[in-house]
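Read the structure below first, then the notes.
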Amino acid sequence: MQAHGIDVAQTTRAQREHHFASQDALNYAVIAELFGRLRADLDAADPVDQAPADRLEALLGAYLTWAETHPGAYQLLFERPDPAGDEGEGPGLDLLDRLARLLPDPDPHARHAAALRIWCALHGVASLRIHKPTAPWATDPHTDARMLVAAITGLPAGT
């Protein structure tokens with residue numbers, strides 16, 4: 001794992017302390033690196049020349065795929081308490097704005113609220129699929145996501 005250009009796993013405690021002011025600073029650097037990796041996968045999956053609904057479906061699919069293929073990183077990003085003093089400005093929160101911009105509601109506050117609901121629903125799908133892989137799932141996670149987004153936004157459930 002690289003953080004600030006340093007392979008954190010291959011360093012001694014003294015070396016980490018030389019590069020990072022505190023354990024919190026190291027943790028923040030690792031979290032920022034992981035959000036960068038998630039963001040890169042979302043960027044690669046985003047068909048920016050397509051309609052917002054198509055982009056939304058592609059990004060939600062990429063999010064779920066990332067959670068499935070990187071379960072440890074996903075849990076570190078989304079199943080841990082936020083650092084003290086984060087004040088809602090931590091790395092990755094820009095992804096909510098990105099999601100909100102794809103939603104059809106003209107009211108920015110309503111779009112933000114819907115984006116939070118979608119994130120909550122998708123996190124539930126991703127987290128449960130990671131922790132309960134043998135549950136009797138009736139559909140695949142991407143279908144679950146489409147149905148949940150449709151219920152939240154009123155958009156068609158897609159294919």
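Nearest heavy atoms, Leu99 versus Trp119: CD2-N, 4.4 Å. Considering every non-hydrogen atom in both Leu155 and Ala150, the closest pair reads O-CB, 3.1 Å.
A search for ring-ring contact (aromatic ring centres under 6.0 Å, His included) contacts involving His123 returns Tyr74, not counting sequence neighbours. When the salt bridge (Lys or Arg N to Asp or Glu O under 4.0 Å) test is applied to Asp46, the partners found at least two apart in sequence or on another chain are Arg55, Arg98.
Atom CG of Leu102 is separated from atom CG of Leu60 by 8.5 Å, given to the nearest 0.5 angstrom.
With Gln75 contributing its side chain and Pro71 its backbone, the two residues share a donor-acceptor pair below 3.5 Å. The backbone N or O of Leu76 sits less than 3.5 Å from a side-chain atom of Arg80, completing a donor-acceptor pair. In terms of modelled atom types and a separation under 3.5 Å, the side chain of His112 and the main chain of Pro108 share no donor-acceptor contact. Side chain of Arg111 to main chain of Pro106: a donor-acceptor pair is present (N/O by atom type, distance under 3.5 Å, no hydrogens or angles). Judged by distance alone, with hydrogens and angles left aside, the side-chain atoms of Thr143 form no donor-acceptor pair with the main-chain N or O of Thr139 at under 3.5 Å.
Contact check for Leu122 versus Leu148: no side-chain heavy atoms found under the 4.5 Å cut-off. In this structure, the side chains of Asp41 and Thr69 stay at 4.5 Å or more apart for every pair of heavy atoms. Side-chain contact between Leu128 and Trp137: present, with at least one pair of heavy atoms (C-beta onward) separated by less than 4.5 Å.
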Subject >> Pair Phe78-Tyr63, ring-ring contact (aromatic ring centres under 6.0 Å, His included): steps then yes or no >> reply: CA-CA 12 Å; Phe78 298 111; Tyr63 176 88; 5.8 Å; yes

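The hydrophobic side chain of Val48 is isolated, with no ILVMFWY side chain under 4.5 Å apart from it.
Residue-environment remark: CZ (Arg117) stays at or below the threshold of 12 foreign heavy atoms within 6.0 Å.
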